[in-house]
Amino acid sequence: MARRPVNPPAEGWSLTIPHRLWTELSAHLFPFGGGAVLLAGHAEGARGPRLLAYDLITATNDTAYIPGEYGHRALAPSFVRDAAVRARDESAAYLAVHAHGGLDRVRFSSVDTASHERGYPALRQITGQTVGGLVFTPHAAAGDLWLADGSRTPLAETVIPGGNLLRLRPCPVTATPAGPGHDRQARLLGDVGQATLNRLRVAVVGLGGVGSILVEELARLGVGTLVLIDDDTVEATNLPRLVAAGKDDIGQLKTDLAARNAQRANPRIRLIPKATRVEHPEALNELALCDWIFLAADSASARHWVNATVQQFLIPGVQVGVKIPVDSAGCVGQIHTATRIMLPGDGCLWCNRLIDSTQLAIDMHPKAERDAARYVPGVPVPSVITLNTLAAAEALNHFVLAATGLHDDDHDHAAVIHRPRTRQRDLQDPRQDANCRWCTPAGRLGRGDSGSVVQTATL
Amino acid sequence: MDTVIEPTAGQNERRPVKVTVTVNNQPVILPSRELTGLEIKQAAIAQGVPIDTGFQLSVKRGNGRYEVVDDDEQIRVHPNQEFLAVPPDDNS
Ligand SMILES: [Zn+2]
Ligand SMILES: [Zn+2]
């Protein structure tokens, strides 16, 4: 297939479709053209309001997708009614979908527009929600949204976070050349790829050994905005692993150190430091506005809250961890580093048994109680900068290639496990529980503002 | 639930009554207890509901499901009964 255009993030209304739904929808739409309705939650985003698709209702050809009265094809009224009733009952946006021919460009026909004008005021009244029409080609998307407040607006972009982070628009963007500073990098990523990085808002949760490397490299790559989350301060024993840290930094906040390094790497970067735990509502609110989340904190609570944000707000992320088993006799076991891609709508950290609920319960208590609840006093675990670098590099490369559409496979999002002692590198596919209450439509997937992560956190 | 007290049998059918139902969540006053699907749509259009007579009308039944009401199908309506009217979504 022809190379797909890379589009930098657009200002305005966007729709995000989890890659599994997109796979299902694409198979239904292309090449012969079917009809469907997407149900979507809602959330605010950094560049405008976001619609978050969580379920797909496909119209069966000949019964629900029928010859049209005015147009070529139509969604049958009973199908429209039942989908609108679901949208109403679930407080979801109703988005009718069909496909056009072509590849890189798409626009509504006059029949499409007339049909929206005839029907969407009524559907908006029935649902009390945003309703709209979407039209797709394999590389382009356009949308016509009728908002609950009575206004009407076009959809600026459709985002599909998969192995690549796809952004579909009505027509491809032409980018202005990257500045001379990023010329060499743009020779791989393209000017649009570089512009994409410049417009992304990326979070790093945990600013220790792994997080400090992530921040340094993200800033040098030219990522436009970094959200930095960690409530910890620098200790003498951290210095060997924190990028560009000095003795004067001891006792300072890790967010301050990370912000200083990011600023030095890129004076034009926008920084949003939050010196709190990730479950603090201020931190969660900032996370929910991001395009990508790096999880480099190893507590069960950080895993849980980032996982919840990924699924509920459809924000892709990557979890980075290093495990160095050394027993009391000094025996070194199988060291491994793990880089796990977290995609909305796919096997989440709960499904993959990567969150310990007992540990999570302890983590959610105040610090004094946390310490008292642990059977054994915390013993420092081994940590070495080179191992952190291995895991961080894997995560950063995945991110850069995904953001600029350079992965060979749109769907491959296997975790990478390195075992440096045996020099093995393995891929591990995620598993998913059929009714997971985080990563499936039966749960919080794509529910955005309703059932807020923040609300839950403060319970 | 229909909480209206039924008038004595025999005297209600000819007497003009006003029944308020909803069409697409909007209150619509109907001039009779027995109307066709088309008449219900026409009443809703006259009262400003943004639909046209080509829309498909459904009535909500006691089990919570919607049942299509044809244009020439006469049905007995009761106060607060809920109707939905949707178009086919044509595209090309
Ligand atoms: Zn899950
Ligand atoms: Zn069309």
Side-chain angles (χ1 to χ4, degrees), chain A residues 33-37 59 64-89 94-101 108-128 131-136 144 146 150, chain B residues 1 19-30 35-75 77-92:
Chain A
V37 167
Y65 199 49
I66 54 176
E69 200 177 329
Y70 304 97
H72 174 54
R73 304 288 277 173
L75 292 172
S78 299
F79 175 84
V80 170
R81 178 198 65 202
D82 293 346
V85 165
R86 265 197 72 186
R88 178 195 72 192
D89 294 348
Y94 164 105
L95 303 167
V97 184
H98 71 285
H100 281 185
F108 288 109
S109 69
S110 55
V111 168
D112 295 337
T113 307
S115 175
H116 300 175
E117 284 163 1
R118 180 185 183 210
Y120 290 166
L123 294 184
R124 181 165 58 186
Q125 226 163 38
I126 291 169
T127 61
V131 302
L134 307 173
V135 63
F136 285 97
D144 175 21
W146 295 62
Chain B
M1 196 176 67
V19 184
T20 305
V21 298
T22 66
V23 178
N24 294 353
N25 303 328
Q26 300 299 108
V28 171
I29 300 167
L30 300 178
L35 293 105
T36 63
L38 182 61
E39 287 167 338
I40 294 168
K41 285 189 280 187
Q42 285 166 337
I45 292 162
Q47 291 167 52
V49 179
I51 61 172
D52 66 51
T53 53
F55 280 33
Q56 181 203 63
L57 188 72
S58 298
V59 61
K60 190 177 188 178
R61 291 304 183 190
N63 60 5
R65 302 204 181 175
Y66 290 88
E67 205 174 278
V68 173
V69 183
D70 279 340
D71 280 358
D72 58 359
E73 183 183 345
Q74 191 139 50
I75 68 158
V77 299
H78 63 72
N80 305 319
Q81 199 162 24
E82 294 174 37
F83 293 88
L84 294 181
V86 300
D89 197 342
D90 278 67
N91 58 57
S92 72

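Below, chain A is the first sequence line, B the second, and so on; all start at residue 1.
- Remark: side-chain polar atoms of A/D112 are paired, donor with acceptor, to backbone N or O of B/S92 under 3.5 angstrom.
- Highest contact tally toward chain B, considering only A/G33, A/G133, A/A122, A/A114, is held by A/A122 [criterion: heavy-atom pairs under 4.5 Å].
- For a residue to count as touching a neighbouring chain, one of its non-hydrogen atoms must lie under 4.5 Å from one of that chain's; by this rule B/N91 touches chain A with backbone and side chain alike.
- Ion pairing between a basic and an acidic side chain is recognised when a charged N comes within 4.0 Å of a carboxylate O; B/K41 and B/D71 show such pairing.
- The backbone N or O of A/I126 sits less than 3.5 Å from a side-chain atom of B/N25, completing a donor-acceptor pair.
- The most heavy-atom pairs under 4.5 Å with chain B, out of A/P67, A/A96, A/S115, A/G35, come from A/S115.
- Residue contact with chain B, scored on non-hydrogen atoms closer than 4.5 Å, is absent for A/V135.
- For the set A/E69, A/R73, A/H100, A/R88, the entry with the most heavy-atom pairs within less than 4.5 Å of chain B is A/R73.
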**OP:** Please report the C-alpha distance between A/Y94 and A/L123 in whole Å, then the side-chain angles of each, then the deciding distance to 0.1 Å, and finally whether the side-chain contact (heavy atoms from CB on, under 4.5 Å) criterion is met.
**Re:** CA-CA 8 Å; A/Y94 164 105; A/L123 294 184; 3.5 Å; yes
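- With a threshold of 4.5 angstrom between heavy atoms, A/F108 does not approach chain B through any atom at all.
- Contacts of A/R124 with chain B are absent, with no heavy-atom separation under 4.5 Å from either backbone or side chain.
- Ranked by heavy-atom pairs shorter than 4.5 Å toward chain B, the options A/G68, A/P121, A/A99, A/S78 are led by A/S78.
- With a 4.5 Å cut-off on non-hydrogen atoms, A/Y120 touches chain B through its side chain but not through its backbone.
- Per-residue heavy-atom pair counts under 4.5 Å with chain B were compared for A/P77, A/A76, A/G71, and the maximum is reached by A/P77.
- Note that the CH2 atom of A/W146 and the CD atom of A/Q125 stand 12.5 Å from one another [nearest 0.5 Å].
- Side-chain atoms of B/Q47 come within 3.5 Å of backbone N or O of B/I29 as a donor-acceptor pair.
- The heavy-atom pair separating B/V49 from B/V23 by the smallest distance is CG1-O, 4.1 Å.
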